[in-house]
Amino acid sequence: MAGTETAEVDCLVLGAGAVGVSTALQLQALGKQVVLVDRQPAAEATSYGNTGIIQAEGVVPYMLPMEAMRLFQMLLNRRSEAHVHYGALLKLAPWLARYGMNSFEAGVQRGAAAHLPLIQKAISEHERFIGAAGVEHLVRRTGYLKVYRDTEDLEADEKESLSQADRYGIKFNVVNPDELEKLEPHLSDDLVGAIHYPEPVSLADPSALVKAYAALFQKQGGRFLTADARTLARDGAHWTVSTVDGRLKAEHCVLALGPWSADILKLLGVPVPLAFKRGYHMHYSASGNATLSRPVLDTDHGYVMTQMERGIRLTTGAEFAERDAKPSPRQLEKVEPFARELFPLDKRLDAEPWLGSRPCLPDLIPMTGAVPGNRGLWANFGHHHLGLTLGPVTGRLLAEIMTGEKPFTDPAPYRVDRF
């Protein structure tokens, strides 16, 4: 049972994933006394499972495809990059309609414009924490590959990459089969080529990275306490939360709870159109001496393989479902045979597939800013596929807004009341 003593600090940060831990560090760096709060240890929920890529190329958000046949096949669950729970469609329909509207060119460009200033600083903000936390050994600076089995697909994506290079300065190289064999000698000979993005960095263990960030926060004087965010309440000029060590109050509180953020806002009468792209991962051993030097995205089937400390992690695409629906790892079952053809995977290393929920707003732009009508309450969530990538940089933006520093970019695109 929580104690009765009430302690006061400058800021509470609810949520100890990549976004919450990074926000706590950024506030701490600006001189604030911060307490990080979660019901479980750092990076045990959504931030535990991902491709492990800090995406320096990830300017254009992952919108619905506009090709009618591809979209139709996705809705019928005939494509492996997406899976739809039909029982959730009625509840998801309003969100999907807004997501679809944002998937037209105007919405895509609006999303890209919002992401560009964040992506441009994403790696440099991580580097500050990586050095201070002493986790350089987790970082691989080899970029990542998109691989292709069809020449027309490769040429079409090369054209799109050229457009993104012109608009956003994204660097890439087209790799022919001979060059691909030198980069990744254990991939299938059936590939016609690849696109290599050299600037993204990948991680041997993304959960370990965020845990190291949390340890750095504590080493620098921050506290990390166990509590349920649902105990959040208003008490005069303060926000309070009940922890196992007693009651905490603070003038400022940040909601960085990822897929659970909207639950708390709903309790406060603030509706937010948050939905979830669920994803699965499984670790595998590799046959013989086979290795991967960088993450590989299979463009035909929408999964990513990354060499992790635990083994080769296979991460699926998006499952459109209610957040708390029972696991249904059909995508993993679909893509595993293709992954085994692409790379010599051996045994599964996990007893069950891991499941996480990517928190997505219909424009795929994070919510980073003040919560209207709730003085001292702030939001930093909705990072869709880029929570790991954008945690430190949106944490910096929010910390600058909260403390009156000049924001490094215009915060308007990320405001909470934009819907």
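What you see below is based on every heavy atom in this structure, not just the backbone, and it leaves out hydrogens, waters and symmetry mates.
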TODO: Might you work through the side chain to side chain contact (heavy atoms under 4.5 Å, CB included) test for V244 and L225, ending with a clear yes or no?
DONE: CA-CA 7 Å; V244 295; L225 299 179; 5.7 Å; no

Open item on the list: side chain to side chain contact (heavy atoms under 4.5 Å, CB included), that's the test. Do I264 and L257 meet it? Break it down for me.
Closed with: CA-CA 9 Å; I264 305 304; L257 293 160; 3.6 Å; yes

- [ ] Mind running side chain to side chain contact (heavy atoms under 4.5 Å, CB included) on R278 and H83 for me, showing each step along the way?
- [x] CA-CA 9 Å; R278 305 204 312 177; H83 184 78; over 6 Å; no

- [ ] Start with the C-alpha distance between M402 and L398, add both sets of side-chain angles, then the distance that settles side chain to side chain contact (heavy atoms under 4.5 Å, CB included), and finish with yes or no.
- [x] CA-CA 6 Å; M402 290 174 63; L398 186 64; 3.7 Å; yes

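Shown here for G31 and D10, the closest heavy-atom pair between the two residues is O-OD2, 4.4 Å. Across all non-hydrogen atoms, the minimal contact from N77 to A82 is OD1-O, 4.3 Å. Residues A227 and V241 approach most closely at CB-CG2, 4.3 Å, considering heavy atoms. When all heavy atoms are compared, the tightest approach of P407 to L397 is CB-CD1, 3.8 Å. Nearest approach of L314 to L332, heavy atoms of both residues: CD2-CD1, 3.7 Å. For the pair F172 and A165, the tightest heavy-atom approach, listed with the atom from each and the gap, is CE2-CB, 4.1 Å.
Applying the side chain to side chain donor-acceptor pair (under 3.5 Å) rule to pairs touching residues 252-262 yields H252-W378, sequence neighbours excluded. Applying the salt bridge (Lys or Arg N to Asp or Glu O under 4.0 Å) definition to pairs two or more places apart or across chains, those involving residues 196-210 are K171-E199. Among residues at least two apart or in separate chains, side chain to side chain donor-acceptor pair (under 3.5 Å) pairs with a member in residues 12-23 are T23-N380. Contacts classified as ring pair (Phe, Tyr, Trp, His ring centres under 6.0 Å) and involving residues 300-329 (residues at least two apart or in different chains) are given here: H301-F338. Every pair passing salt bridge (Lys or Arg N to Asp or Glu O under 4.0 Å) that includes a residue from residues 83-95 is listed here, sequence neighbours excluded: K91-E322. The salt bridge (Lys or Arg N to Asp or Glu O under 4.0 Å) pairs that include a residue from residues 30-54 are E44-K211, where partners are two or more places apart or lie in different chains.
Remark: L355 CG to K326 NZ distance equals 13.5 Å, nearest 0.5 Å. The CG atom of L268 lies 6.5 Å from the CG atom of L377; values are rounded to the nearest 0.5 Å. Atom NE2 in H186 sits 9.5 Å away from atom CD in E184 (nearest 0.5 Å). Separation of atoms CD (E400) and CG (L30) is listed at 7.0 Å; rounding is to 0.5 Å.
Y213 and H126 are linked by a side-chain donor-acceptor pair at a separation below 3.5 angstrom, with hydrogens and angles left out of the test. In this model, no donor atom of one side chain and acceptor atom of the other lie less than 3.5 Å apart for R79 and Q331. Between the side chains of E57 and Y168, no donor-acceptor pair is found at a separation under 3.5 Å.
Two residues are said to be in side-chain contact when any heavy atoms from C-beta on lie closer than 4.5 Å; L386 and Q55 meet this criterion. Between V296 and T306, every side-chain heavy-atom pair lies at or beyond the 4.5 Å cut-off. Within the 4.5 Å cutoff, the side chain of D157 has heavy atoms near those of the I195 side chain. In this structure the side chain of L388 reaches within 4.5 angstrom of the side chain of L203, judged on heavy atoms. Residues L14 and V254 have side chains not in contact (no heavy-atom distance under 4.5 Å, counting atoms from C-beta outward). With contacts defined as side-chain heavy-atom distances shorter than 4.5 Å, the pair W239/L248 does not qualify. Residues L180 and L145 meet the side-chain proximity criterion, which asks for heavy atoms closer than 4.5 Å.
Contacts of D363 classified as salt bridge (charged side-chain N to carboxylate O under 4.0 Å, His left out), with partners at least two apart in sequence or in another chain: R418. In this view, E405 satisfies the salt bridge (charged side-chain N to carboxylate O under 4.0 Å, His left out) rule with no residue, not counting sequence neighbours. By the side-chain hydrogen bond (donor to acceptor under 3.5 Å, both in side chains) test, D410 pairs with no residue at all, sequence neighbours left out. For the salt bridge (charged side-chain N to carboxylate O under 4.0 Å, His left out) test, no residue two or more places apart in sequence or in another chain qualifies with R330. Remark: K146 pairs with no residue by the salt bridge (charged side-chain N to carboxylate O under 4.0 Å, His left out) rule, at least two apart or across chains.
Within 6.0 Å of CG in L90 there are 12 or fewer heavy atoms belonging to other residues, nucleotides or ligands. Few gaps surround CZ on F224; more than 12 heavy atoms of other groups in view lie less than 6.0 Å from it. With a 6.0 Å radius and a threshold of 12 heavy atoms from other residues, nucleotides or ligands, E251 has its CD atom at or below the threshold.
Between W354 and H281, the ring planes are parallel. Angles under 30° get that label, and only those over 60° would be called perpendicular.
Aromatic pair H115/H383: centroids not less than 6.0 angstrom apart.
Although no hydrogens or angles enter the test, the distance criterion places a donor-acceptor pair under 3.5 Å between the side chain of R310 and the main chain of L349. Checked by atom type and distance alone, the side chain of Y197 never pairs as donor or acceptor with a backbone atom of I170 at under 3.5 Å. No donor-acceptor distance shorter than 3.5 angstrom exists from the side chain of S202 to the backbone of I53, with no hydrogens or angles considered. Put simply, the side chain of R234 gets close to the backbone of G236: a donor and an acceptor are under 3.5 Å apart. For S80 (side chain) and K334 (main-chain N/O), no donor-acceptor pair under 3.5 Å exists by modelled atom type. Under the 3.5 Å distance criterion, the side-chain polar atoms of R294 are matched with a main-chain donor or acceptor of L183. In this structure, T142 contributes its side chain and S293 its backbone to a donor-acceptor pair below 3.5 Å. Under the 3.5 Å distance criterion, the side-chain polar atoms of R140 are matched with a main-chain donor or acceptor of Q307.
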Pairs under 3.5 angstrom only: tabulate donor-acceptor contacts from the side chains of residues 99-106 to other protein residues two or more places apart or in another chain.
from : atom 1 : to   : atom 2 : distance (Å)
Y99  : OH     : Y62  : O      : 2.4
Y99  : OH     : K277 : NZ     : 2.8
N102 : OD1    : R110 : NH2    : 3.0
N102 : ND2    : R98  : O      : 2.9
N102 : ND2    : P362 : O      : 3.3
S103 : OG     : L64  : N      : 3.0
S103 : OG     : Y99  : O      : 2.8
E105 : OE2    : Q109 : NE2    : 2.7

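Taking the ring axis of F276 as reference, the NZ or CZ atom of R323 stays within 45° of it and closer than 6.0 Å to the ring centre.
With respect to the salt-bridge test (charged N to carboxylate O, under 4.0 angstrom), the residues R358 and E319 do not qualify.
Partner of Y284 under the side chain to side chain donor-acceptor pair (under 3.5 Å) criterion, chosen from R313, E336, R340: E336.
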